[in-house]
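To keep things clear, I will list the structure first and then write my remarks on it.
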Amino acid sequence: MGFAYDDSNIFAKILRGEIPNDTVAENDQALAFRDISPKTPTHVLVIPKGAYVSFDDFSANASDAEIAGFMRLCAQVVASEGVGLEAGKGFRAITNAGEHGVQEVPHFHLHIMGGRMMGPMVSLRD
Ligand code: 5GP
């Protein structure tokens, strides 16, 4: 059983080609593009092409091929952005889910962020 997915969200519109995006890489299962409001020199969002709301929805309900394609694209982005452990100085990969996770866009996405020293892992606010 999948989670309730609202296909009017902004990433669904990007996947349908209704609004433009700055694509970094793509495969059959996933799309990587630059965040419109980057918080770090490298700030790429990786999203599955399938309709999944959140990390837990994707992890539970996506096919093995979708999960593999998504993860391989993440690795490709880390390498091409030069932030991986072999060529660069590291990165942070974050996914927010739901209200407590402060998720703004209800289509699963992983933020790949790097190019500068990160702050504390979690900053709490009320
Ligand atoms: P969340 O808070 O859901 O984890 O992150 C949503 C991210 O999507 C934010 O970092 C925000 O800047 C980004 N974002 C929102 N709208 C757009 C858009 O239309 N295009 C792109 N490329 N990024 C967007």
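Ligands are counted one by one from 1 in listed order, and the atoms in each one are counted from 1 as well.
- Less than 4.0 angstrom separates some heavy atom of S37 from each of these atoms of ligand 1: 12 (O).
- Every atom of ligand 1 with a heavy atom of V102 under 4.0 Å away is listed here by number and element: 2 (O).
- Within the 4.0 Å heavy-atom criterion, the part of L45 lying near ligand 1 is the side chain and not the backbone.
- The protein non-hydrogen atom at the shortest distance from atom 22 (N) of ligand 1 is R34 O, 2.9 Å.
- Of the protein's non-hydrogen atoms, D35 OD1, 3.4 Å is the one closest to atom 11 (C) of ligand 1.
- Distances from ligand 1 to the non-hydrogen atoms of T95 include no value under 4.0 Å.
- Of all protein heavy atoms, the one closest to atom 19 (O) of ligand 1 is I10 CG1, 3.5 Å.
- Distances from atom 8 (O) of ligand 1 to the heavy atoms of F11, F33, F108 show the closest one on F11.
- The ring pair (Phe, Tyr, Trp, His ring centres under 6.0 Å) analysis of residues 65-87, with sequence neighbours excluded, yields the pairs F58-F70, F70-F108.
- Regarding atom 2 (O) of ligand 1, its nearest protein heavy-atom neighbour is E104 N, 3.2 Å.
- Under a 4.0 angstrom heavy-atom cut-off, N21 registers as lying outside contact with ligand 1.
- Side chain of K89 to main chain of M117: no donor-acceptor pair is present (N/O by atom type, distance under 3.5 Å, no hydrogens or angles).
- Of all protein heavy atoms, the one lying nearest to atom 5 (O) of ligand 1 is H109 NE2, 3.1 Å.
- With contacts defined as side-chain heavy-atom distances shorter than 4.5 Å, the pair T40/M118 qualifies.
- Note on ring orientation: taking the six-membered ring where Trp is involved, the planes of H107 and Y5 are perpendicular (angle over 60°, cut-offs 30° and 60°).
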Show your working on side-chain hydrogen bond (donor to acceptor under 3.5 Å, both in side chains) between D35 and S37 and close with a plain yes or no.
CA-CA 5 Å; D35 195 293; S37 178; 4.9 Å; no
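- For residues 58-82, the salt bridge (Lys or Arg N to Asp or Glu O under 4.0 Å) pairs, not counting sequence neighbours, are R34-E81.
- For ligand 1 and N96, the ligand atoms under 4.0 Å from any heavy atom of the residue are 1 (P), 2 (O), 4 (O).
- Taking CD1 of I94 as the start and CD1 of I112 as the end, the distance is 11.0 Å to the nearest 0.5 Å.
- Within 6.0 Å of CD on E99 lie no more than 12 heavy atoms contributed by other residues, nucleotides or ligands.
- Residue H111 places a heavy atom under 4.0 Å from ligand 1.
- Distances below 4.0 Å separate heavy atoms of Q103 from the following atoms of ligand 1: 3 (O).
- Atom 24 (C) of ligand 1 has I36 CG2, 3.4 Å as its closest protein atom, hydrogens excluded (heavy atom only).
- Between the T95 side chain and the H109 main chain, a donor and an acceptor come within less than 3.5 Å of each other.
- Taking the side chain as every heavy atom from C-beta outward, I47 and F33 approach each other to under 4.5 Å.
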